[in-house]
Amino acid sequence: MKEFDYRLTIQNRRGKLNVERGVSGNLPPYREPMPHTGGVSGNLPPYREPMPHTGTHYGQAYPQHTTSSTVVVQQPQTTNMVMRTRPNDYMVWSVIGCLFCLWPVGLCAIAASQDSRSKADNGNIEGAKASSRWALQLNALNAFLGAVLITVLIVLYTMAGKQVSAELNGH
């Protein structure tokens, strides 16, 4: 009987994590399958071995009977997997910035976010991180410019309101 063992090693940013799962020990002995007894209802005929095919198909002859078979059992080997975390693509912030702040900067941020997503899907983690940083910078710029624009509009609206009220009062 062969022994088997299952081990999995995962490497993350902090180091390696060894996980051992499965059963270690001897394989159970082989038992012949039980013959078919006709099912629960008993209406089925007993199981018979299929007849070997002796004809030819497309000019190839089939063997009539196989007398031996070879089974190869290999021991599982340790698998090393590298788990990398996917960088944040800031897509939600890009869409919100496009809707509520300056839409041209928001569209550029959406393009950078989508670029980060597609690079991460293709396995280019470093390129995805660079696009993610660019999307974050565009979102920060969009939020800053949007806040400045809103502040300027509020000040102008307030000054225009004071001027209109002063003209109405006769000053």
Side-chain angles (χ1 to χ4, degrees), residues 1-28 30 33 53 57-60 62 66 69-171:
M1 285 191 239
K2 300 285 184 179
E3 289 190 12
F4 62 97
D5 192 14
Y6 177 81
R7 290 190 182 128
L8 174 67
T9 302
I10 300 173
Q11 182 177 357
N12 56 18
R13 284 188 276 171
R14 296 184 199 131
K16 288 185 178 178
L17 172 68
N18 292 326
V19 178
E20 294 186 17
R21 293 186 185 228
V23 179
S24 178
N26 293 330
L27 292 173
Y30 175 77
H53 183 57
H57 187 64
Y58 296 112
Q60 298 177 353
Y62 290 111
T66 304
S69 62
T70 304
V71 177
V72 178
V73 178
Q74 293 180 338
Q75 294 291 328
Q77 298 179 1
T78 303
T79 304
N80 292 327
M81 295 175 56
V82 177
M83 301 290 288
R84 294 184 181 175
T85 58
R86 188 182 179 107
N88 192 350
D89 57 10
Y90 302 105
M91 181 62 82
V92 174
W93 290 110
S94 300
V95 171
I96 290 172
C98 185
L99 294 175
F100 296 111
C101 294
L102 302 175
W103 64 268
V105 180
L107 287 177
C108 293
I110 288 173
S113 296
Q114 182 59 37
D115 187 45
S116 173
R117 221 176 245 190
S118 65
K119 286 180 180 177
D121 288 342
N122 292 332
N124 184 1
I125 301 299
E126 296 305 317
K129 286 181 182 179
S131 295
S132 174
R133 281 191 298 272
W134 179 239
L136 178 63
Q137 291 170 356
L138 285 172
N139 284 322
L141 176 68
N142 198 11
F144 175 74
L145 291 177
V148 168
L149 180 65
I150 289 171
T151 304
V152 167
L153 290 176
I154 289 173
V155 168
L156 289 176
Y157 182 74
T158 305
M159 288 175 53
K162 285 183 182 180
Q163 184 179 9
V164 169
S165 67
E167 288 178 4
L168 289 176
N169 290 334
H171 290 108

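Only a predicted model underlies this, so the values are computations on that prediction, with no experimental measurement involved. For the single chain, residues carry numbers from 1 onward in sequence order.
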So how far is it from W134 CH2 to C108 SG, rounded to the nearest 0.5 Å? 8.0 Å
Indicate whether the side chain of N139 and that of S94 have a donor and an acceptor atom separated by less than 3.5 Å. yes
Taking A128's backbone N and O only, do any of them form a donor-acceptor pair with S132's side chain (distance below 3.5 Å, no angle check)? no
Supply the atom-to-atom distance I96 CD1 to I110 CD1, rounded to the nearest 0.5 angstrom. 10.5 Å
Smallest heavy-atom separation, S113 atom then Y90 atom, equals OG-O, 3.4 Å
Which of these, I154, L156, V155, sits in a side chain to side chain contact (heavy atoms under 4.5 Å, CB included) with V152? L156
Is a donor on one side and an acceptor on the other found under 3.5 Å between the side chain of D115 and the backbone of A111? no
Do V164 and L168 come within less than 4.5 Å of each other through their side chains, counting heavy atoms only? yes
For R117 versus R86, what's the shortest heavy-atom pair and its separation? O-NH2, 3.4 Å
Minimal non-hydrogen separation, D89 against A135, with atom names: O-CB, 4.0 Å
Shortest non-hydrogen pair, L138 vs V105, comes out as O-CG1, 3.6 Å
Expected output: side-chain S116 to main-chain A112 donor-acceptor under 3.5 Å: no
If every non-hydrogen atom of T85 is compared with every non-hydrogen atom of I125, which pair is closest and at what distance? O-CG2, 4.5 Å
How far apart are the closest heavy atoms of G127 and N124, and which atoms are they? N-OD1, 3.0 Å
